Every structure is written in structure tokens, then in C-alpha cells.
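Below is one structure, written out as C-alpha cells; the observations come after it.
Every heavy atom of this structure was used, including side-chain atoms; hydrogens, water molecules and symmetry mates were not. Numbers here simply count residues along the sequence, with the first being 1. Everything numeric here is computed off the predicted structure, so don't read it as measured data.
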Amino acid sequence: MSTYADRLNALRDQLKRDRLDGFVVPLTDEHMSEYVGAYAQRLGWLTGFQGSAGTAVVLPAEAAIFTDGRYTLQVREQVDGGAWQYVDVPATSVSAWLGEHAGQGARIGYDPWLHTSAWVAEASKALAAKGADLVAVDTNPVDAIWPDRPAPSLARLEVQSDKHAGKSSAAKRAEIADWLAGEKADAVVLSALDSIAWALNVRGADVDHTPVALAYAIAQSDGTLDLYVAPEKMSENVAAHLGNAVRVHDRRDFAPSLSRYAGKRVAADPERAVAAIFDGLKAGGATVLAVRDPVVLAKAIKNAAETAGHRAASVRDGAAVTRFLKWCEETFPGGGETELSAAAKLQALREATGALKDLSFETISATGAHGASPHYKVTEQSNAPIEPGQLYLIDSGGQYADGTTDLTRVVPVGEPSAEMVDRFTRVLQGHIALAAAVFPDGTNGGQLDSFARRPLWEVGLDFAHGTGHGVGSYLSVHEGPQRIAKPNYPGGGPSEPIRVGMIISNEPGYYKAGEYGIRIENLILVEPRDIPGAESPMMGFETLTYAPIERRLIDPSLLTPAERAWLDTYHATVLDALGPELDPAERAWLLEKCAPIA
């Protein structure tokens, strides 16, 4: 199975042996994670797709891969169009496609540990209209044909100090117990890896760039908790940190444990707990409450220690990024650099801080046409030289014990075109509009999204991704439940009210296929705003990211006085925060970059 065509053929042969007429392969794991360990990269192994969101469906005579607008270009570069149909979501859902393409009376398999109950119900309904059935499998057929599938990580758990967490695990478990009392429930299943890490003040190394550990937890109404994790991952230090109120079990015992709640009321998150968990609880006689995991919102609203930690991480990270931007400006015109070498340079500068734990995601290092793919992933095969006349886009972040960072900047190589400057300035105007927004309590991300798009809309342009996502505290760089996006954006979340203490990205962009990409991204903190005469509580944003925005790409004539004032104030803040972290030559360079706009 040396080629992707061989793998597709092998899967079809396996489906015949399993008496199935099709199978659905999502890019997730048994925790409904966005970023997954190597052992769960089934979609990438089968198709070659290297994006972070997608699903494949394999039928006897056809196959399709489903991706959203972030990956329109990438999927066509990485997946063979002769073997796979490209299907755009949300325009066409996996369920709707199955309802149209599955054969009469077909048996379509799915892994109940990789799908939600809602998806199972939706797909079952679509197939029933064709007289077809959705069939849960005991063994994933992709695993059966993947000879060198990596084993799940056995990296040890680490303690996240109360100094960085801002609250003890015991206090968090007590709050979960209070929530259970309010729900009149006996227990809640925590299956999202970042929820478990946050609730127990532990971190792990089982997923690249996301410091979580493969585990399950069931929190009880008395404040105790049952943790299901591979024994090899425990240490005396972690055991002492967890204390007697946390009972530790082998991870393999989690599924059988679901049958022990007969007559109990057990909560499980319908978005984050897979169908197999709901099925196991119901089969064991539990009454299942389909409600959101109580950790999700608590984790999203950062406490004082978490916000202070993020500010410290942002200064440290911003200094490294500023050194990188200076290096780019001085080095790129001479040639010899590539997307991979530039990404390696930035990582080395972050590592030089002595505090970097990991990158917060795989760096998007994209020059020229590659920048037009919002989630481009550079490989040895795609690695392109950085050449004059291009725009170089770098979207990157770091994981530090005190915070998770994420920012995007664009560097012109040589003289940018008038069109590039116009588009960049419009993206900047949208970025400023969101950063400066003031809005009443109860406002959601869907309502804020158009702030960032208006300058592009005015000239008939747009971008095909969300404007903002939540960010964790030394956790996932993509964290819910908040999101700033159009209402129909894949992944949901824009209807969630924005609350004080949330950290969100602000990242409008513009992408010209085959030529260049532009995105300006800072992280912003939701804060209360005292407005005289306001008739309801008001909120706004504090910008947390410190790095100069490239002035060679700005057309000052397009900016309003208010936009100029915002940009000058932002750059003054950057200079004030980063100046003490830089050497004299770096400070002189930054002083020029942060001078008031002409």
C-alpha cells in the first residue's frame, strides 16, 4: 500500500470482507478533537490530505472528500481528483451526499467512537430515504488495513501549577459539583481533552502542539472524579497533585464503566462526547442529559492569573516575532530562503526565549500563491523559495506555561503592487473595526463578524473563513464555545454570547488564488467598557498581541482619522511593551516600524 490509490483499493476490499457498502472517515479522534495524535490521522493516511478539518466517504464505485472554504485549494493539491470527488461544506453535508449517492439497501459503516449522536441521527435519516442503513462497526476498517499505524502516545502527564491556572483543581471540581446539583445530575462525562486538562490542572504531550493527554473523566456530584488514563502516563508527582479525591483507572476501563450508572442521571456533551458514550450510558440504564460540558464556558472565561500569564507570554512571543520580521526584511531580498527555512528561523527565535514548550500549531509559512490557501501546510515537496514580488504570510504561535499565542503577519518581498497595498489596507481596516468595536452584553460572534468584512464587501470582496476563534490558556489554540464567524460557518459557535474574560483572535484576510494571501491576526481580550449614559452593560476588546503591522503595505489615504489613531496607538503600545526586550539595533528597527503613519 505504497500509494494512496493502493490504500483506497485496500479499504474497499476490507469493506467487502466486513459486508459494508461504504464507510465514513472523519478527521477526529474519540474525543472529537480538532487536532489529533498520529494514531488518529486516518483521513490523511487514506487520502493524503494534510488539513485539520475534513471527512471522506468511500463507496464501491466512488469516493468523496469534504472540506470547507479554508481548504479549497489545498485539498485539490494534495488529494487525487481522479479518485476522489471534492465536495464543499457547508453547501453539501456528508449526510446529504450519502442520501444521494448510497445505493438502495446499502449498509454504510461508521465508527461510533468518531461521530456524535446528532450526526448519526442525521445520516441515518438521510440513508433511510434510500432504504439504506447506517451501521456501527466494532473495529474501524481503516485501522485493519493500516499496517504501520502509530500507537497512541504514552507521554507522562505534567502538573500545571496553581500559579498559572489561577484556581486549584479541587476548587474547579467543587464548581462542577455545584453545577451537577443545579442540573439534578449524579455525574458528568468529560471527554474533551482540554476540559480534562483544565479541570485537573494537568497537561500532556499526546497531541502535537496541544498540551493534552489522552484520557476520559467522569466527575461526580460529591466533588470526586474518576480519571481514565494509561497507567504509564502517571507519576508520583501527578498522583500527589491529584490527591485522593481523584480515582485513577486504566483508560481501557472507561467504556465498560459506562454500564455502572443504572438509575443515575449522567450528563454528557452532545457536541464533544461521541455516540459510543451516549450508547454505552443508555445501554447501562442511565438517564442521559445531553447538555454542554460545564468546563467549556468556565475554561473560556479567563481568570486574572490566566490573563496576566497571557500578557507575559505575548510580550515574550512578540519580541521573538519582531526579531523574525526584522530578519525577513533584511534577508529575503538577497534570496536563498524558503518557506521551511523561514519557519525554522522563527521557531529558533521562540526557542531562544528559553520558555517555549511547543508551537501552538504547525506554522503556516506561505509565500506567493501558497498564501492564497488559508491553512497551507508547507512540506518538503511543496517548499517554495521566497522571491521578490511576492507577499510572504506567516501565521504562527507558541505554547508557553503561562499562555498560548497565535498571530499572523505579512511581509512584502521587494516592492508590493498597488493591488496588494489596497487589499492589505482593507484587511487592516476590517481588523481595526473589530478591535475598536463596542457592543452590549449578549452580543454574539455572528453579529460582530461583519465589522471585519465591511471594507472588503464595499469593493465586492470577502474571505472564506471565520474572523475569530477562542484561544486557551496553555491549551488548545482553537477553543470554544465563542467564535466570530458567519452564522453558517463550519464548526458552529458564532451564536455564543461574547463574555468578559474571553480571548479571541481577530484575523480578517483576503486571498487571490494563484497569486497571494493576506491576513492580519492579533489576539483580543473581552473587557467591560464604562460608557456614560449606557443603558446596558457594554464591552470592548483589549489587543493582547505585540508585533508591528507592515507599514509598506498600508495606503494611508484609505484610512480614516480614527483608523490612523488606532494604528498609531497600537504601534506605540507595541514599542512600549517590546522595547525593553530588544537590543539597540532591534529597538531602532522597531522604532521606525512603529512611527506614526504618514
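- Checked for salt-bridge contact, Asp395 and Arg409 miss the test: no charged N lies under 4.0 Å from a carboxylate O.
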Would Arg323 and Glu581 count as a salt bridge (Lys or Arg N to Asp or Glu O under 4.0 Å) here? Give the steps. CA-CA 10 Å; Arg323 294 184 180 102; Glu581 307 295 316; over 6 Å; no
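- When atom types are taken as modelled, the side chain of Arg519 and the backbone of Pro374 share a donor-acceptor pair closer than 3.5 angstrom.
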I'd like to know whether Lys167 forms a salt bridge (Lys or Arg N to Asp or Glu O under 4.0 Å) with Glu175, so could you lay out the CA-CA distance, the side-chain angles of the two residues, the decisive distance to 0.1 Å, and finally the verdict. CA-CA 11 Å; Lys167 186 181 294 184; Glu175 290 176 357; 2.9 Å; yes
Could you walk me through whether Glu232 and Arg156 pass salt bridge (Lys or Arg N to Asp or Glu O under 4.0 Å), step by step? CA-CA 7 Å; Glu232 297 89 342; Arg156 288 198 162 192; over 6 Å; no
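- For the residue pair Ser153 / Tyr39, no side-chain donor-acceptor distance below 3.5 Å is found, with atom types taken as modelled.
- Heavy atoms only, all atoms of each residue included: Asp293 and Ala192 are closest at OD2-CB, 4.5 Å.
- To the nearest 0.5 Å, atoms CG (Leu242) and CG (Leu157) are separated by 7.5 Å.
- Looking at Thr467 and Asp449, their side chains do bring a donor and an acceptor atom within 3.5 Å of each other.
- Contact check on Glu479 versus Lys299 returns a salt bridge, with a Lys/Arg side-chain nitrogen under 4.0 Å from an Asp/Glu carboxylate oxygen.
- Judged by the 6.0 Å and 45° rule, Arg453 forms a cation-pi pair with Phe463.
- Tested against Val378 for a side-chain contact (heavy atoms from CB on, under 4.5 Å), the candidates Thr367, Leu340, Ile364 yield a single pass: Leu340.
- Here the shortest heavy-atom pairing between Pro412 and Leu553 reads CD-CD1, 3.8 Å.
- A distance of 8.0 Å separates CG in Leu200 from CG in Leu190, rounded to the nearest 0.5 Å.
- Checking Ser396 against Arg350 by side-chain atom types alone, a donor-acceptor pair falls below 3.5 Å.
- Side chains of Asp162 and Ser168: no donor on one and acceptor on the other come within 3.5 Å.
- If you check the side chains of Asn522 and His431, you find a donor sitting under 3.5 Å from an acceptor.
- One distance of note links OG1 of Thr363 with CG of Leu346; it measures 6.0 Å at 0.5 Å rounding.
- A heavy-atom distance below 4.5 Å is found between the side chains of Gln41 and Val36.
- Between the side chain of Ser373 and the backbone N or O of His370, no donor-acceptor pair lies under 3.5 Å.
- In this structure, a donor-acceptor pair under 3.5 Å is present between the side chains of Arg247 and Thr224.
- For Tyr71 and Phe49, the ring centers sit closer than 6.0 Å to each other.
- Counted by atom type alone, Asn383 and Thr338 present one or more donor-acceptor pairs between their side chains at under 3.5 Å.
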Start with the C-alpha distance between Leu27 and Ser52, add both sets of side-chain angles, then the distance that settles side chain to side chain contact (heavy atoms under 4.5 Å, CB included), and finish with yes or no. CA-CA 7 Å; Leu27 203 176; Ser52 61; 5.5 Å; no
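- No side-chain N or O of Glu339 forms a donor-acceptor pair with one of Ser365 less than 3.5 Å apart.
- Aromatic pair Tyr400/Tyr474: ring centres not closer than 6.0 Å.
- Arg42 pairs with exactly one of Asp143, Asp111, Thr28, Thr47 by the side chain to side chain donor-acceptor pair (under 3.5 Å) rule, that one being Asp143.
- The two residues His571 and Pro548 have their closest heavy-atom pair at NE2-CA, 3.7 Å.
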Scan the side chains in residues 208-217 for donor-acceptor partners under 3.5 Å anywhere in the protein, sequence neighbours excluded, and list what turns up.
residue: His209; atom: ND1; partner: Asp358; partner atom: OD1; Å: 3.2
residue: His209; atom: ND1; partner: Leu359; partner atom: O; Å: 3.4

Side chain to side chain contact (heavy atoms under 4.5 Å, CB included) assessment of Phe424 paired with Leu391: CA-CA 10 Å; Phe424 185 91; Leu391 292 183; over 6 Å; no
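- The side-chain contact (heavy atoms from CB on, under 4.5 Å) test with Ser476 singles out one residue from Asp194, Thr404, Leu193, and that residue is Asp194.
- Residues passing the side chain to side chain donor-acceptor pair (under 3.5 Å) test with Glu34 are His478, sequence neighbours excluded.
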Let me see the working for Val526 and Arg499 under side chain to side chain contact (heavy atoms under 4.5 Å, CB included), right down to the final yes or no. CA-CA 7 Å; Val526 185; Arg499 295 173 173 87; over 6 Å; no
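- Side-chain N/O atoms of His469 and Glu507 include a donor and acceptor closer than 3.5 Å.
- A donor-acceptor pair under 3.5 Å is absent between the side-chain atoms of Glu337 and the main chain of Pro385, judged by distance alone.
- With hydrogens and angles disregarded, a donor-acceptor distance shorter than 3.5 Å links the side chain of His31 to the backbone of Ser191.
- Distance alone, capped at 3.5 Å, is enough to place a donor-acceptor pair between the Asp29 side chain and the Met32 backbone.
- No hydrogens or angles considered: nothing links the side chains of His164 and Asn201 as a donor-acceptor pair under 3.5 Å.
- For Thr322 against Tyr546, the heavy-atom pair with the smallest separation is OG1-O, 4.5 Å.
- Of the possible donor and acceptor atoms, none in the side chain of Lys326 sits under 3.5 Å from a partner among the backbone N and O of Glu586.
- At distances below 3.5 Å, at least one donor-acceptor pair connects side-chain atoms of Thr545 with backbone N or O atoms of Leu523.
- Remark: Leu227 CG to Arg251 CZ distance equals 10.5 Å, nearest 0.5 Å.
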Stepwise salt bridge (Lys or Arg N to Asp or Glu O under 4.0 Å) check, Lys377 with Glu77: CA-CA 11 Å; Lys377 178 179 179 180; Glu77 293 175 351; over 6 Å; no
Stepwise side chain to side chain contact (heavy atoms under 4.5 Å, CB included) check, Val410 with Glu550: CA-CA 7 Å; Val410 178; Glu550 182 50 61; 6.0 Å; no
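- Side chain of Glu306 to backbone of Asn303: a donor-acceptor contact under 3.5 angstrom is found.
- If you look at Phe439 and Phe541, their ring centroids are closer than 6.0 Å.
- When every heavy atom of Ala547 is checked against every heavy atom of Val321, the shortest pair comes out as CB-CG1, 4.1 Å.
- Between the side chains of Arg149 and Asn140, no donor-acceptor pair is found at a separation under 3.5 Å.
- Proximity of a side-chain donor or acceptor of Arg70 to a complementary backbone N or O of His375 within less than 3.5 Å is not detected.
- Ser169 contributes a side-chain N or O that, together with a main-chain N or O of Ala199, makes up a donor-acceptor pair within less than 3.5 Å.
- Side-chain contact check for Glu329 and Trp589: at least one donor-acceptor pair (N or O, by modelled atom type) lies under 3.5 Å.
- Contact record, Met502 with Pro497: CE-O, 3.8 Å, taken as the closest heavy-atom pair.
- Crowding of Glu236 atom CD: a count of heavy atoms from other residues, nucleotides or ligands under 6.0 Å not exceeding 12.
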